[in-house]
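Reviewing the structure listed below.
Counting starts at 1 for both ligands and their atoms, following the listed order.
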Amino acid sequence: MYNLFMHSEHTPAFLTLTAQGLLEERVQQAYQHLENCDVCPLECGVNRLKGELGLCKTDEFPRVSSYFPHHGEEDPISGNLGSGTIFFTRCNLRCVYCQNADISQVSFGREVTSEELAKIMLNLQAAGCHNINFVSPSHIVPQILAGVHLAAQSGLKIPLVYNTGGYDSPAMLSLLDGVVDIYMPDMKYGEESVAWKYSQVKNYPEVNQQAVVEMQRQVGDLKLDEQGIAYRGLLVRHLVLPNGLAGSETILKFLAEKVSKQVYLNIMDQYHPAYKTGDYPELNRRIRPEEYQVVIAIARRLGLTRLAV
Ligand code: SF4
């Protein structure tokens, strides 16, 4: 049994919820969303518990393509021992430039039960990882909650990172309130028509901005411990696309005005042509250094100073 009096600001949120006996209820509520699936904002309405597949092509059981201590995330996430990263296959976005298409768009990976998922988390903790980092989680929130519930009962005690493309449903985010310690969403697009063209999702900016506001409400600005490792908060990622297609200024303004000037922000320059970009000449090149520098300058002008650059 967990002792509530031993909990500190650094205690992962799900331990408090587990001690209060509330995590199991969350799992049950989340699984109900699989029957007429609205786990993500695409709202396919299929019964995943009966094996029906929606756009994410994932039934009741998630697939894991790999898991390991990841040293390539932002410093506060990877630290010196690595982030316990679990890469799930499939995704609720269909980005034509996907940098991980073999994982996200093809059913590569091993199907796992909740028990196996819990074991993976415990193995990563035993390997010394600073946190458990769920990559591409938006279509499998119920299954993640079930895995966390089991792992918590077997001694999981490191923070949980929700590493998302940023197209998340309000209902799932409310079930994750008090479970996730660190939200790490992408903010991919400032314009709806661009999101539709390159990722085939409707209302991305609206859904994404609403999600980021909710994440900030739940966990606040990113907080680091004495070693510089994150234990709670929001870390936003923005991948700069060629030809200004990401709508960077719109996104940065939104962050500065509606989220927080203290937001921890990774403006990423590693875009490279991949997957289907041969069909999209405007996306078929790397970004130029000056395109990146313009975005950094906008961030600084808006007062966003916690940049992971
Ligand atoms: S989680 Fe998958 S099946 Fe459910 S609404 Fe989203 S894309 Fe469709």
Review point. How far is atom 4 (Fe) of ligand 1 from its nearest protein heavy atom, and which residue and atom is that?
Key: Cys37 SG, 2.2 Å
Exercise for review: Could you find the nearest protein heavy atom to atom 6 (Fe) of ligand 1 and give me its residue, atom name and distance?
Suggested key: Cys40 SG, 2.4 Å
Point to revise | Other residues, nucleotides, ligands: >12 heavy atoms within 6.0 Å of Glu191 CD | key: no
**Study point:** Selected option - heavy-atom contact closest to atom 3 (S) of ligand 1, from Pro142, Gly54, Cys91, Gly45
**Key:** Gly54
Exercise for review: In plain terms, say whether Glu116 and Lys119 are close enough for a salt bridge, that is, a side-chain N and a carboxylate O under 4.0 Å apart.
Suggested key: no
Review point. Of all residues at least two apart in sequence or in a different chain, which pass the side-chain contact (heavy atoms from CB on, under 4.5 Å) check with Asn284?
Key: Pro273, Thr277
Review point. Which is it for Arg48 and ligand 1 at heavy atoms under 4.0 Å: side chain, backbone, both or neither?
Key: side chain
Review point. Looking at Tyr162 versus Phe134, is the centre-to-centre ring distance below 6.0 Å?
Key: no
Check your understanding: Any chance the side chains of Tyr204 and Ser199 put a donor and an acceptor closer than 3.5 Å?
Key -> no
Exercise for review: Using only heavy-atom distances, determine whether the side chains of Glu282 and Asn243 contain a donor-acceptor pair under 3.5 Å.
Suggested key: no
Counting each atom of ligand 1 from 1 as listed, which ones have a heavy atom of [X] under 4.0 Å away?
| X | result |
| --- | --- |
| Leu42 | 7 (S) |
| Cys56 | 1 (S), 2 (Fe), 3 (S), 7 (S) |
| Cys44 | 3 (S), 5 (S), 7 (S), 8 (Fe) |

